Amino acid sequence: MRISRKMEHVHYALELGQSRQQGLSDIKLVHNCLPETSTDHIALTTEIGDLIMSSPILINAMTGGAQETESINRELAIMAREKGMAMAVGSQMSALKNSEVASSYQVVRRENPKGIVFANLGSEATVDQAVRAIDMIEANALQIHLNVMQELIMPEGDRSFVGMLKRIEAIVRHVQVPVIVKEVGFGILKDNAKQLQDIGVRVLDVGGSGGTNFAAIENARRPAAIEWLNDWGTPTSISLLEALSVYPRGAVIASGGITNALEAAKALALGASAVGMAGAFLKVLREQGTQSLHRFADELHQGLILIMTALGAPTIKDLGHCPVVIMGETAEWCRTRGIDLTSYADKTNRSK
């Protein structure tokens, strides 16, 4: 029996791993030797748009759409419930076309009835499909994912992207939950961020390169690979700074190759209000099991508390106002693109 495309993606995501070249090594947190706080004072609660989240760590969209993926989503949903994390499901288009696989998404809400859950569709979706995807899992928000290069490399992928903005705008105007536009690993830059802002999208997930590489995954599935496209995209650090030059704090999620508390703290210090992680969670779950997955989540939270204490930042908002120094390729890119970085290094200019 042929393995489903969804499980092929899981297989190659694990086999190829993450490049970790997400640019966050260019970001340096500025040490505070007089933090005047305690680990007991730290609060990890954060806000994304109108959503209040207990943790700034988001279990980002991974899978669903095949019977084999239901167990993965079940384990992730249990962790989300136990650790107070929001969770996004993978693209639900397959379930809209085939109700037999809807359970692989619905398991997330069954296991986490009171949690924050994001529905997920691509930019080809109609308003009706968006409403059905939200209703399927009683979602608190809807992710619209952008994956143009993945589709172009995918043997069975889309080849036309006409009308993307109009479809997204229609969904934003008609659904009753917040809409989050998310890249899948190639980044959202300021020009596109402005286009999305103009049609009413209030939250972005920048989804920069450095994590799961869907160009490489689709090339691994192709009879004749287009390997010269495997490096396509913009690192997470750059994508985040580009998005933040358009969108306000509280409206941007950082994702793409983030695997530990220090990298998460750097993204939050730049101004993200939440950090999406997918590949790191999938790797621990599949290779080490459920107990290790829960232990990993605890380590992320404990690591953030430690770093926030050291910086004297009792809240995620305070962390976003801590000074950071931006160096290397990230700084050079931003200077070339006209993105002002001066305020990031001076705490007195990062007003609360």
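Worth saying up front: this structure is predicted, and the values here are computed from it rather than measured. Computed from heavy atoms alone, side chains included, the values below leave out hydrogens, waters and symmetry copies.
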Original post:
With no hydrogens and no angle check, do the side chains of Thr234 and Ser239 hold a donor and an acceptor under 3.5 Å apart?
Top reply: no
**OP:** Tell me, yes or no, whether the heavy-atom count around Gln288 atom CD, taken from other residues, nucleotides or ligands under 6.0 Å, exceeds 12.
**Re:** yes
Original post:
Under 3.5 Å, is there a donor-acceptor pair between the Arg295 and Ser292 side chains?
Top reply: yes
Subject >> Leu241 vs Tyr344 side-chain heavy atoms within contact, under 4.5 Å >> reply: yes
**OP:** Give a yes or no on whether Met327 and Leu244 share a hydrophobic cluster (residues Ile, Leu, Val, Met, Phe, Trp, Tyr; joining criterion: side-chain heavy atoms under 4.5 Å apart).
**Re:** no
**OP:** Check whether the side chains of His145 and Ser123 place a donor and an acceptor atom closer than 3.5 Å, and report yes or no.
**Re:** no
**OP:** Give the C-alpha distance, both sets of side-chain angles, the deciding distance and a yes or no for side-chain hydrogen bond (donor to acceptor under 3.5 Å, both in side chains) between Thr330 and Ser237.
**Re:** CA-CA 7 Å; Thr330 301; Ser237 61; 2.8 Å; yes
Subject >> Joint cluster assignment, Ile57 & Val252, ILVMFWY side-chain distance < 4.5 Å >> reply: yes
Subject >> Salt bridge Glu242-Arg337, side-chain N to carboxylate O under 4.0 Å >> reply: yes
Subject >> Among Asp198, Val203, Leu204, side chain to side chain contact (heavy atoms under 4.5 Å, CB included) partner for Val201 >> reply: Leu204
**OP:** Please check if any side-chain donor atom of Thr69 sits under 3.5 Å from a side-chain acceptor atom of Tyr105, or the reverse.
**Re:** no
Original post:
Does a side-chain N-to-carboxylate-O contact under 4.0 Å join Arg335 and Glu332?
Top reply: yes
Original post:
Quick one: do the Ser103 and Arg110 side chains pair a donor with an acceptor below 3.5 Å?
Top reply: yes
Original post:
Does any donor atom in the side chain of Glu151 or Asn147 lie under 3.5 Å from an acceptor atom in the other side chain?
Top reply: yes
Original post:
If two hydrophobic side chains count as joined below 4.5 Å and joins carry through other members, does Val101 share a cluster with Leu96?
Top reply: no
Original post:
Any salt bridge between Glu70 and Arg74, counting N to O under 4.0 Å?
Top reply: yes
**OP:** Establish, from distance only, whether the side-chain atoms of Glu263 and Thr259 form a donor-acceptor pair under 3.5 Å.
**Re:** yes
Subject >> Polar contact flag, side-chain donor to acceptor under 3.5 angstrom, Asn230-Glu227 >> reply: no
Original post:
Do Ser255 and Asp205 have side-chain N/O donor and acceptor atoms under 3.5 Å apart?
Top reply: yes
Original post:
After noting the C-alpha distance and the side-chain angles of Ile116 and Leu58, does the key distance pass the side-chain contact (heavy atoms from CB on, under 4.5 Å) rule?
Top reply: CA-CA 10 Å; Ile116 294 177; Leu58 160 68; over 6 Å; no
Subject >> Counterpart residues, ring-ring contact (aromatic ring centres under 6.0 Å, His included), relative to Phe296 (two or more places apart) >> reply: Phe281
**OP:** Would you indicate whether the side-chain heavy atoms of Leu146 and Ile168 approach each other to under 4.5 Å?
**Re:** yes
**OP:** Report the distance from atom CD of Glu36 to atom OG1 of Thr309, rounding to the nearest 0.5 Å.
**Re:** 13.0 Å
Subject >> Donor + acceptor pair across side chains of Thr342, Asp340 (<3.5 Å) >> reply: yes
Subject >> Any residue meeting side chain to side chain contact (heavy atoms under 4.5 Å, CB included) with Thr46, in chain and number order, not counting sequence neighbours >> reply: Met53, Pro56, Ser273, Ile316
